[in-house]
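Accompanying notes for the structure given below.
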2 protein chains.
Amino acid sequence: MHSFTEENYLKAIYKLQEANGLIVATSALAQVLEVHAPSVTDMLKRMAGKKLVTYQKSKGVKLTEKGRQVAVGIIRNHRLWEVFLVDKLGYKWDEVHDLAEQLEHIHSEDLTNKLDMFLGFPKADPHGDPIPDANGILPKSKAVLLSTLKMGERGTFTGVTDHTPAFLNYLDKSGISLGNSIKVKAIEEFDQTYTIQLKDKKDTVISYKVANSLLVNKVETT
Amino acid sequence: MHSFTEENYLKAIYKLQEANGLIVATSALAQVLEVHAPSVTDMLKRMAGKKLVTYQKSKGVKLTEKGRQVAVGIIRNHRLWEVFLVDKLGYKWDEVHDLAEQLEHIHSEDLTNKLDMFLGFPKADPHGDPIPDANGILPKSKAVLLSTLKMGERGTFTGVTDHTPAFLNYLDKSGISLGNSIKVKAIEEFDQTYTIQLKDKKDTVISYKVANSLLVNKVETT
DNA sequence: TTAATAAATTAGGTTAATCTAATTTATTTT
DNA sequence: AAAATAAATTAGATTAACCTAATTTATTAA
Ligand SMILES: [Mn+2]
Ligand SMILES: [Mn+2]
Ligand SMILES: [Mn+2]
Ligand SMILES: [Mn+2]
């Protein structure tokens, strides 16, 4: 099997490929993995030897198909364990990430699939992130940032792009939860502050930074 | 925290201390951990430096109180996860050990305690082994080997001393399950073969080897 | 109680994963 | 296009956890 370290590199490369371009820089990996650049260079060479990535000196890395399979498998584990922790053990959504970082490295496809069944084949984790299926297929979401909506538009809150406990706590405190229907009541021109209306609640004012961290499924206003 | 390797050494030392004497030999550890003796010597020195064991050159090791705490914590994790796998995910008792070997190293006391609650505070794992409580206290069992019972005596089957899938499968096939009441109907003098009666079942013949791997709570015949 | 055997340690390596300091390669800026 | 800056790699070490071969210490047998 692969080491935890390799798995963390694969996951990091995968996420950087998704977020930015196709090719990932040494420095970007060093930053997210919290190691120094020469460590990354070293590791990438070893992983290239195992055909997990294609590495071009001084250019960057990409996952091979094999590497992608492993990365998506880990993400599947991570998100299923997060569902377990929240739905079954009663954790809050801001408490589960670090535990899932450990649990995602348990090596057993069979366990993953049994856990999936036990949880009722959830489609998304507690933060709204989609859970890859057993074949490594991850549904393409068409959610957009709340900050892209215009006055009067509506959406359903389906995910976050900031997963920090601080932000998640802020949402709890503000009564903003996954699944809520949101309508943009006003956008302050000066600083892009949003006034939104949550179903059955009085209007709430959120900063641009917050609006830019919330994913919504836009509801077409007919 | 401690590495998985250290935790496995601690667990191995703990089990050897319980089974045999107070002091554990390098060779015994090498055998159960499947490494070579110089590796053990090396590791024991490092662990002694961390005050997890007391190590006397060429004599052997013992756990310190700190080392014992860690060891029992891991055993608690292991057994709780085994209960989870069997009770919640539907695994059979002969399939869970290797997975629990991985899960036992998840570091979170809080997770362990929440899992314990979720499982309903089980007293024993699927093999009848007692689960230490949150304070590291492990109830002393008074179970004895079935092979120590005499003709006509009775007991309740509460545990096994052989945890191999082969043996556990044999018990399944023979219809012998934890909690069964067992009466010794006959003991063949020649080879110590036992004829036992299981509640509501016809008599079953088991070898001495089997009788010597089953733990029972003896029922005083009034 | 010496000799033979078994157990444990020391000596000297290896590999994965990290580091710092020095150097090379790539990208910007003038 | 040269100079300046930034990014990446090489060189050389370190640490944990292992190994084999050689040596020492302890136990058992003669
Ligand atoms: Mn997470
Ligand atoms: Mn998540
Ligand atoms: Mn087990
Ligand atoms: Mn068990």
Side-chain angles (χ1 to χ4, degrees), chain A residues 1-13 16-17 19-63 66-67 70-71 74 101-102 104-105 107, chain B residues 1-13 16-17 19-63 66-67 70-71 74 101-102 104-105 107:
Chain A
M1 263 320 92
H2 311 103
S3 68
F4 289 12
T5 306
E6 283 172 330
E7 293 181 351
N8 285 333
Y9 272 79
L10 290 172
K11 197 169 46 136
I13 296 167
L16 287 167
Q17 274 190 214
N20 315 321
L22 283 173
I23 204 155
V24 175
T26 302
S27 52
L29 280 170
Q31 207 206 316
V32 316
L33 293 167
E34 298 182 276
V35 295
H36 290 237
S39 309
V40 174
T41 301
D42 210 54
M43 189 67 180
L44 293 181
K45 284 176 182 169
R46 256 171 302 160
M47 289 172 70
K50 296 183 182 178
K51 308 278 183 225
L52 292 168
V53 299
T54 53
Y55 168 64
Q56 286 187 286
K57 182 145 86 170
S58 294
K59 290 286 176 79
V61 271
K62 290 195 293 192
L63 294 180
K66 184 179 166 197
V70 176
I74 306 218
E101 287 290 309
Q102 294 186 57
E104 70 188 4
H105 300 292
H107 291 131
Chain B
M1 263 320 90
H2 311 103
S3 68
F4 289 11
T5 306
E6 283 172 329
E7 294 182 349
N8 286 332
Y9 272 79
L10 290 172
K11 197 170 45 135
I13 296 167
L16 287 166
Q17 274 191 215
N20 315 322
L22 284 172
I23 204 154
V24 174
T26 300
S27 52
L29 279 170
Q31 205 205 317
V32 315
L33 292 168
E34 298 181 276
V35 295
H36 290 236
S39 308
V40 174
T41 302
D42 210 51
M43 189 67 180
L44 293 182
K45 284 177 182 170
R46 255 171 303 160
M47 289 172 71
K50 297 184 181 179
K51 309 279 184 224
L52 292 167
V53 299
T54 54
Y55 168 64
Q56 284 186 288
K57 182 146 88 170
S58 294
K59 290 285 178 77
V61 271
K62 291 195 293 193
L63 294 179
K66 185 180 166 196
V70 176
I74 310 241
E101 287 289 310
Q102 293 187 58
E104 71 187 4
H105 300 293
H107 291 129

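No experiment lies behind these values; they were computed from the predicted model shown. In what follows, chains are A, B, ... by sequence order, proteins preceding strands, each numbered from 1.
Between Glu7(A) and His2(A), the closest heavy-atom pair is OE2-O, 3.7 Å. Between His107(A) and Gln102(B), the shortest heavy-atom distance links the atoms N-OE1, 2.7 Å. Contact record, Ser39(A) with Tyr9(A): O-OH, 3.8 Å, taken as the closest heavy-atom pair. Here the shortest heavy-atom pairing between Gln17(A) and Val61(A) reads OE1-O, 4.4 Å. For the residue pair Ile13(A) and Val24(A), the shortest heavy atom distance occurs at O-CG2, 3.8 Å. Nearest heavy atom pair, residue Ala12(B) against residue Leu33(B), reads CB-CD2, 3.9 Å.
Consecutive Watson-Crick or G-U pairing (both distances under 3.5 Å) extending over three or more pairs maps onto DNA chain D as C:1-30 with D:1-30.
Going from atom CD of Glu34(A) over to atom C1' of dA17(C) covers 16 Å, rounded to whole Å.
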Study note, to complete from the structure: Whether each nucleotide of nucleotides 8-16 of chain C has a protein heavy atom under 4.0 Å at its base (B), only at its sugar-phosphate (S) or at neither (-) is summarised, 5' to 3', as SBB-----S
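Of the side-chain N and O atoms in His36(A), none sit less than 4.0 angstrom from OP1 or OP2 of dT18(C).
At a threshold of 4.0 angstrom between heavy atoms, the contacts of Tyr9(A) are confined to the sugar-phosphate backbone, with no base atom among them.
The aromatic rings of Phe4(B) and His105(B) lie parallel to each other, their planes meeting at an angle below 30°, with 60° marking the opposite boundary.
Side-chain atoms of Lys66(B) come within 3.5 Å of backbone N or O of Lys50(B) as a donor-acceptor pair.
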